[in-house]
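In what follows, a single structure is set out as structure tokens and then discussed.
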Amino acid sequence: MCLAVQQLLAALQNQSNSGSFRVINPYYVVTRTMNLPDTDRIYLSPPCMLGNERAMLLDAFDSNWIAPLGPHVNAFEQELAARAGTKHAVALSSGTAAIHLALNLIGVTHGDTVLTSTFTFCATANAITYTGATPVFIDSDLETWNLDPDLVEQALAAGKAAGKLPKAVLAVDIVGQTADYDRLSRVCEKYGVPIVEDSAESLGATYKDRPAGSLASIGCFSFNGNKIITTSGGGMLVTDNEDWATQARFLATQARDPAPHYEHSVIGYNYRMSNLLAAVGRAQLENLDTHVNNRRAIFRRYERALGSLPGIRFMPEPEGFYSTRWLTLLTVDPDLFGASGNEIRLALEAEKIESRPAWKPMHLQPVFANNELWGGKVSEEIFANGLCLPSGTALTEIQQQRVIDTVLACRRA
Ligand SMILES: Cc1ncc(COP(=O)(O)O)c(C=O)c1O
């Protein structure tokens with residue numbers, strides 16, 4: 001066995017024997033949460049290994065399927081599809097890759113436009129540009145903080161009148177909660193425009209009892225390090241359409257035509273998930289409900305402690321929506337509360353507590369400053385006053401109380 005592998009195995013062995021907390025910047029490995037001294041830095045949404053992750057990773061390692069294919073990749077696809085309520089799933093190297101391929105599958109290409117949420121992470125809009133299409137940004141509504149279906153309808157009507165309908169609507173399920181897909185579907189069906197669901201942040205959420213990811217023709221998830229379950233980096237494309245799933249696997253493996261040599265008729269990508277990471281993902285998925293329940297409990301404690309204070313407003317969860325509360329997101333009216341979201345963030349930082357402003361809308365990003373925009377005020381207000389509080393699955397009540405006390409101290413100050 002080579003020295004590097006011996007060292008890796010020895011490090012893993014030490015970690016499991018010590019039963020202690022190892023801090024690995026910027027995330028930590030959760031082994032025994034009770035051992036965490038409450039003076040340690042509190043992260044926004046660190047990875048949390050709850051069960052069989054280490055065993056499954058070593059199983060993949062020992063099997064020598066150290067490749068972007070293997071039994072864990074196949075099993076992870078089946079298990080994730082079952083959880084997402086779709087017939088097929090394709091394991092990929094990132095959520096961004098999943099969105100890029102999804103747009104590719106429905107034929108988005110150079111010169112097209114795609115309607116998408118301005119209140120999102122840049123990966124949503126970037127994936128649109130990878131296809132050669134241009135993102136058109138749509139504001140959020142006040143009920144869900146996701147795509148406003150009325151603005152989508154206005155943009156589609158304008159596109160039709162101008163003789164150029166968008167090729168797709170890329171709906172985003174932001175911060176653990178889905179968009180309003182019944183309303184969006186009605187609007188999009190009227191204009192014959194397909195919807196793709198960027199559910200990178202919302203695995204485990206439901207909408208009218210239907211799982212996030214299954215609410216449009218194709219769904220996309222991320223297993224990035226800060227997501228509700230993680231493979232360190234990874235993504236999944238889910239769909240009921242078998243041809244699309246087959247084509248996604250083909251494109252994700254450099255579009256290799258059937259031949260003994262390497263033969264290629266179209267441009268492909270190197271987008272498949274590693275079997276090692278799929279093993280971690282399977283173990284994480286086993287405990288998805290625990291992750292969701294813990295994060296919802298964390299949200300409720302924040303809501304109880306801060307919800308009745310003047311100027312504090314939590315991201316709403318309308319009836320029929322079930323959010324994972326991946327992150328607890330609130331807005332702070334500085335005049336009513338007595339401190340701004342940014343002042344609270346700096347006070348938390350001084351206490352070694354990581355918090356983060358809400359997503360800066362895409363239409364305010366220099367790179368998309370000239371793109372078409374519908375509305376904009378709702379997301380601007382969420383960005384101006386929004387704050388995401390630590391929400392990791394393993395956040396203890398003692399840690400959370402430190403966060404709450406610091407927020408309350410800002411108010412008194
Ligand atoms: C809304 C949204 N879409 C897409 C992505 C991209 O996922 P990944 O980082 O796995 O590429 C992320 C997160 O990272 C996200 O938050």
Side-chain angles (χ1 to χ4, degrees), residues 26-27 43-47 68 76 80 84 89-104 114-131 135 137-138 140 144-147 168-179 195-205 212-213 215-216 218-238 248 252 269-274 277-278 280-281 284-285 295 315 323-329 356-363 365 368 379 382-383 386 388 391:
Y27 304 122
Y43 289 99
L44 186 70
S45 179
F76 191 28
L80 199 286
V90 181
L92 299 166
S93 53
S94 70
T96 313
I99 302 167
H100 183 198
L101 287 185
L103 295 171
N104 201 310
V114 174
L115 304 188
T116 195
S117 190
T118 189
F119 184 53
T120 187
F121 178 57
C122 67
T124 312
N126 286 348
I128 296 172
T129 65
Y130 299 164
T131 66
F137 297 115
I138 309 279
S140 303
T144 66
W145 295 12
N146 277 305
L147 264 187
V169 171
L170 177 53
V172 180
D173 302 337
I174 206 74
V175 196
Q177 179 162 283
T178 73
I195 307 178
V196 172
E197 184 180 0
D198 174 357
S199 209
E201 299 179 2
S202 297
L203 177 65
L215 303 167
I218 308 178
C220 308
F221 294 115
S222 166
F223 309 115
N224 189 13
N226 66 4
K227 294 298 182 289
I228 196 154
I229 65 167
T230 182
T231 58
S232 76
M236 194 77 78
L237 181 152
V238 292
Y269 309 94
N270 183 5
Y271 276 174
R272 276 300 247 169
M273 177 182 278
S274 154
L277 303 188
V280 176
Q284 287 265 279
L285 187 60
R295 286 177 193 247
M315 181 174 176
S323 169
T324 63
R325 299 294 185 184
W326 168 56
L327 298 178
T328 287
L329 170 58
R356 192 174 295 158
W359 297 128
K360 181 174 182 179
M362 289 303 111
H363 69 271
Q365 302 288 356
F368 295 120
S379 54
I382 300 170
F383 171 60
C388 299
S391 306

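Numbering of ligands and ligand atoms starts at 1, following listing order. If you read the sequence from its start, that first residue is 1, and numbering goes on from there.
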Using a 3.5 Å distance criterion without hydrogens, assess whether the side chain of [X] forms a donor-acceptor pair with backbone atoms of [Y].
X	Y	answer
Asn224	Gly233	no
Thr118	Met362	yes
Glu197	Leu215	yes

For [X], counting its heavy atoms only, list the atoms of ligand 1 lying under 4.0 Å from any of them.
X	value
Ile99	4 (C)
Ser94	10 (O), 11 (O)
Ala123	4 (C), 5 (C), 6 (C)
Thr124	1 (C), 3 (N)

Practice task
Test Phe137 against His363 for ring-ring contact (aromatic ring centres under 6.0 Å, His included), laying out the working first.
Solution key: CA-CA 7 Å; Phe137 297 115; His363 69 271; 7.4 Å; no
Can you check whether [X] has an N/O within less than 3.5 Å of an N/O in ligand 1?
X	result
Gly95	yes
Thr120	no
Asp198	yes

Which residue owns the protein heavy atom closest to [atom], what's the atom, and how far is it?
atom	answer
atom 11 (O) of ligand 1	Thr96 OG1, 2.4 Å
atom 9 (O) of ligand 1	Asn224 ND2, 3.5 Å
atom 12 (C) of ligand 1	Phe121 CD2, 3.5 Å

Fill in the blank from the handout: Quick look: Ala200 vs ligand 1, heavy-atom contacts under 4.0 Å, and the answer is side chain
Practice task
Among Thr96, Thr116, Thr124, find the one that has a side chain to side chain donor-acceptor pair (under 3.5 Å) with Asp198.
Solution key: Thr124
Problem - Distance in Å, Leu92 CG paired with Cys220 SG, rounded so as to fall on 0.5 Å steps - result: 8.5 Å
Problem - 4.5 Å side-chain heavy-atom contact, Asn226 and Arg356 - result: yes
Practice task
Evaluate the side-chain proximity of Met315 to Arg325: yes if any heavy-atom separation is below 4.5 Å, no if none is.
Solution key: yes
Handout entry: Heavy-atom gap Gly234 to ligand 1 smaller than 4.0 Å
Key = yes
Completion exercise
Check: of Lys227, Glu201, His100, Met236, min heavy-atom distance to atom 13 (C) of ligand 1 comes from Lys227
Handout entry: Ring centres under 6.0 angstrom apart (Phe223, Phe76)
Key = yes
